[in-house]
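Note that ligands are numbered from 1 as they come in the structure, with each ligand's atoms numbered from 1 the same way. Small disclaimer: the values here were computed from a predicted structure and weren't measured.
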Amino acid sequence: MNKRPMNRRLYIVAALVMASMGMPVAGGTGLRAANAADAKLTGTAIGSSPSVDYSSGSSTTTKNIPADAFDGNLNTFFASYERTYTWVGLDLGSKHVITKVGWSPRNDGLGEGRVRLAVFEGANQPDFMDAIPLYVNDKTGTIGTMDYADVDCSVGFRYVRYVGPNDSRCNVAEVEFYGYKGEGDSTRLYRPTNLPCVVIHTKNNQDPYDKVNYIESMVTILGADGSVLRDTAGLRLRGNASINFPKKPYRIKFASKHKVLDSPAKAKNWTLINNYGDKTLMRNIVAFHVSEVCRMPYTPFCRPVDVLVNGEYKGCYQLCDKIEVKKGRVSIDEMAPTDLAGNALSGGYLWEIDGYANQEPSPYYSPHGVPITIHSPKDDEIVPAQREYFESYFRALEERVYKSSANDSTWRQYIDYPSFARYFLTNEVCGNPDMIWSCYMYKKRNDTKAYTGPVWDFDIAFDNDYRIYPVSNHKEFIFGGASNAESFARHIVFADQRTRDEMLEYWHQARNNGISVEELIAFVDNTAAELDASQQLNFIRWPILNQKVHMNPVALGTYNGEVIRLKEFLRMRIKWMDSKLNYTWHPLENVSGVENTGCDMTGGYRVYDIQGRKIYEGEQLPALPSGLYIIQHNGITNKILL
Ligand code: CA
């Protein structure tokens, strides 16, 4: 089959020459016209069954059937009785590489719009569970006209299909596939945009319907680097408020553990964040970046992706870690049911101060009324001794926190202040009113302290909550949540002068490490560029830019307008944080009197007292009494007055 690629190259060269001469290049919506080597393929017409008879509104197997989409007649059409996940295609009898597809809308009033977001797929299983996309059409059609697109996918498929967009009953007058017989290879795979693509097929096209029952699925993740991950999986809904939006958030549970894309964790459980109320589609991405810059010990993995379910384009999502105890996630000892005494009983525990705890199977309410969901061990699996240990531990912790004062800092034996302060700063600079409504904490084995984090869920942060909009008008920090949880957090934030001094020091580090107007705006601009193709498809699927949804305080009508609003928020918020913390920015590097030794520690700290005695070496800057220190960090040596 050496002949084909040669023809393709020659054609592309010819097309480029024609284009450079100002000549139109034929080929409908595609890049080029049919190549002589691309035969129009024939096979057995297949599709969703039954069809619909529009004259009676009832189901039929004799009218508007799959063969009507392959009869060469633009006035006959296929229409399914079902409304969604409906399709028509060909069984080619053997594997073929598809090089071009064509389609034409049904000749009726709604026809032209019904081909927009149609998805072409190829598969080698007759149920299409293993299908991957060949092309996603983002344009309306023209009645009486075929549109064509080139297909850039080198895999050979026996089964190919056109899947109509949501609620379309497929409704297509004509579909064509071009290509050549062959096994093909996986050197070229199509994705709808530059982003990785998560391709999901559920058994019998079932939609997940709750947070308990997993639907049997096949999940294929197409990486931007050409990588392919495929495994059987369960698919269910996830989330709280976000579960009620028409664009659904999903949990994927693979049959086996995998690293996905460039994730650090190898795990079965992954989440797809739906970003319905967040029209920038990037609030979590920006917040997780801030979390990293603030040096939270662990920031969840998060990558923007396109999602297809059963051949339907669902939108731009974020593929993220599930928050759980696991290497590469909350990396602490995982408890076994047999861990019943001594050190083994002391951890690890992962829990969440949770405004939605009352919806969980067995929530815990502390004596001061802090609502808690225990996540690890799972609240419905935790054995009584472990639950008793945790409740007793949290009671002791809470008691110390409520007694915090200038004269009593014993709460520090229970609360790891660096992670708390960094969590607080990350959420405040992002303006997240949910920071204590949902706040993860964990306890390590044989360690009395509770660590705060990871950060999670910034959908209504960055001025996206009408209840507190605009955040810049508030004189106080905006952290809040269920009132008892807020009270608990308040006792830590305002414990004493030392906590305020240390908070300022962590802010100083963050301001020197990437929290600046220029750096964050550059980050937002880069992310917007990365998301641009995907956001266009997303808002074709979900045309809500003119609509206030969820907690939106305004609707600006354009994606770019929403991104500008996010940047304006950051511009004002950093200034506000500086002012609130009474902080004047100064670079770490410019502190004089210490020669930079070019130490190579990355991400960690070495601390020396002024006599040059090393007093600390580790991952996090410890709480230090006031004084003069020499600190090595990120290859730089500084003298710092605390
Ligand atoms: Ca037809």
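Within the protein, the N, O or S atoms sitting under 3.0 Å from the Ca ion (ligand 1) are D68 O, D71 OD1, N73 O, T76 O, T76 OG1, A173 O, E174 OE1.
Within the structure, the ring-ring contact (aromatic ring centres under 6.0 Å, His included) test picks out no pair touching residues 201-242 (sequence neighbours left out). For residues 78-101, every residue pair satisfying the ring-ring contact (aromatic ring centres under 6.0 Å, His included) rule, not counting sequence neighbours, is listed here: W87-F128.
Taking 4.5 Å as the limit, some side-chain heavy atom of I540 sits within range of a side-chain heavy atom of D138. By the 4.5 Å heavy-atom criterion applied to side chains, Y190 and V151 are not counted as neighbours.
In summary, the aromatic rings of W103 and F120 are positioned with their centroids under 6.0 Å apart.
Under the rule for a side chain to side chain contact (heavy atoms under 4.5 Å, CB included), the partners of E292 that lie at least two apart in sequence or sit in another chain are T299.
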